[in-house]
Amino acid sequence: MASKKNKREVKFTLNDNDYKSFGKYRIMYTEQGHKMVRRQRLTYLIGAAMIALLFTVFKVEQSSFRYLMYVIAGALAVVGIFFAESLVLRQQDKAIEASANTAERVNAGENTVRFDDDTFTTSGNGDDQVFRYSDIKLIDLTEEAIYVWMSDTMIMPLPLHAFRGMEEMKELCKWLRAKVDEQNGEGKAE
């Protein structure tokens with residue numbers, strides 16, 4: 001984080017692990033992610049109900065086969081309910097790996113975030129944006145990154161490898177929260 005030009009400047013290039021960590025974070029901690037998991041559960045439940053319905057409507061001569069299909073449908077429903085989150089995370093990891101060399105990657109080049117007293121600037125792939133600290137809705141610290149929520153759909157990750165270590169990342173997180181509180185009033189960003 002510390003550079004000789006500006007004490008509060010972070011430079012980083014997002015890698016596959018950053019994308020996976022960010023995706024995991026979004027699935028586990030955002031409403032959109034929760035919707036994806038609920039949709040996955042519902043898909044499995046509907047699939048199980050359809051299997052059970054098919055073998056109920058179209059009576060199979062062997063009742064043992066029909067009961068076996070009911071057991072399979074029940075197992076499918078249980079898998080869908082209990083493993084939906086891990087299935088969604090696995091699907092997302094595969095999608096991230098598949099997009100490694102495509103234009104779908106957002107700011108795959110070097111990113112720079114400079115924190116000044118009243119504003120902060122993000123630069124990456126020729127896109128420069130200036131924000132006020134009052135624009136920040138939430139600041140979340142994990143073991144992988146600081147996630148700066150600008151809105152419900154715009155979340156800026158600052159990965160751990162952009163810092164000299166966890167202590168430096170925690171220090172910036174604390175400083176950011178103080179800036180947000182200063183511009184918004186106490187308690188706006190957690």
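Basis for what follows: all heavy atoms, side chains included, without hydrogens, waters or symmetry-related copies.
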Treating [X] as the side-chain partner and [Y] as the backbone partner, does any N or O pair qualify as donor plus acceptor under 3.5 Å?
X      : Y      : answer
Lys11  : Val113 : no
Ser86  : Phe83  : yes
Glu168 : Arg164 : yes
Asp127 : Gly124 : no

Would you indicate whether the side-chain heavy atoms of [Y] and [X] approach each other to under 4.5 Å?
X      : Y      : value
Gln40  : Glu85  : no
Leu172 : Phe163 : yes
Thr121 : Gln129 : no
Leu14  : Tyr19  : yes
Ile81  : Leu45  : yes
Ile155 : Met150 : no
Met169 : Leu141 : yes
Asn111 : Thr13  : no

[X] and [Y]: which non-hydrogen atoms are nearest, and at how many Å?
X      : Y      : value
Pro159 : Ala145 : CA-CB, 3.8 Å
Ala84  : Arg41  : CB-CG, 3.3 Å
Val180 : Ile139 : CG2-CD1, 3.9 Å
Thr142 : Met166 : O-CE, 3.9 Å
Ala73  : Ala48  : O-CB, 3.0 Å
Pro157 : Phe12  : O-CZ, 3.5 Å

Margin query: Surrounding NZ of Lys20 (heavy atoms of other residues, nucleotides or ligands, distance under 6.0 Å), is the total greater than 12?
Written below: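 Yes - once you tally the heavy atoms of other residues, nucleotides and ligands closer than 6.0 Å, there are more than 12.
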query: Does CZ belonging to Arg38 count more than 12 external heavy atoms closer than 6.0 Å?
result: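 For Arg38, atom CZ is crowded (more than 12 foreign heavy atoms under 6.0 Å).
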Kindly indicate, with the supporting measurements, whether the criterion salt bridge (charged side-chain N to carboxylate O under 4.0 Å, His left out) is fulfilled by Lys174 and Glu171. CA-CA 5 Å; Lys174 183 179 176 181; Glu171 184 182 306; over 6 Å; no
Side chains of His161 and Asn17, donor plus acceptor under 3.5 Å:
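No, because no side-chain N or O of His161 sits under 3.5 Å from a partner of the opposite role on Asn17.
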Spacing of [atom1] belonging to [X] relative to [atom2] belonging to [Y], to within rounding of 0.5 Å:
X      : Y      : atom1 : atom2 : answer
Lys179 : Ser134 : NZ    : OG    : 12.0 Å
Met28  : Leu89  : CE    : CG    : 6.5 Å
Asp135 : Ser151 : CG    : OG    : 10.5 Å

Between Phe115 and Tyr133, what is the ring plane arrangement, given parallel below 30°, perpendicular above 60°, and tilted in between?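 Parallel, since the angle between the ring planes stays under 30°.
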Can you say whether the rings of Tyr29 and Tyr25 are parallel (under 30°), tilted (30 to 60°) or perpendicular (over 60°)?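 Tyr29 vs Tyr25 ring planes: tilted.
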**Report entry** side-chain contact (heavy atoms from CB on, under 4.5 Å), paired with Ser21, selected from Arg26, Glu143, Glu144
**Finding:**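 It is Glu144, the one option of Arg26, Glu143, Glu144 that forms the side-chain contact (heavy atoms from CB on, under 4.5 Å) with Ser21.
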With Phe120, the side-chain contact (heavy atoms from CB on, under 4.5 Å) member among Val130, Ile136, Leu176
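Checked Val130, Ile136, Leu176 against Phe120; only one passes side-chain contact (heavy atoms from CB on, under 4.5 Å): Ile136.
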Please determine if Asp116 and Arg114 form a salt bridge, counting it only when a charged side-chain N lies under 4.0 Å from a carboxylate O.
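Salt bridge present between Asp116 and Arg114.
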Check your understanding: Would Met69 and Val71 show up in the same hydrophobic cluster when neighbours are defined by side-chain heavy atoms closer than 4.5 Å?
Key ->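 Different clusters: Met69 never reaches Val71 through Ile, Leu, Val, Met, Phe, Trp or Tyr contacts under 4.5 Å.
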- Query: What's the verdict on side chain to side chain contact (heavy atoms under 4.5 Å, CB included) for Asp128 and Thr122, showing C-alpha distance, side-chain angles and the deciding distance?
  - Reply: CA-CA 6 Å; Asp128 298 340; Thr122 63; over 6 Å; no
- Item | Derivation of the side chain to side chain contact (heavy atoms under 4.5 Å, CB included) call for Thr112 and Glu110 | CA-CA 7 Å; Thr112 302; Glu110 185 174 82; 4.3 Å; yes
Residues Asp140, Ile146; criterion side chain to side chain contact (heavy atoms under 4.5 Å, CB included); working and verdict | CA-CA 6 Å; Asp140 204 2; Ile146 298 172; over 6 Å; no
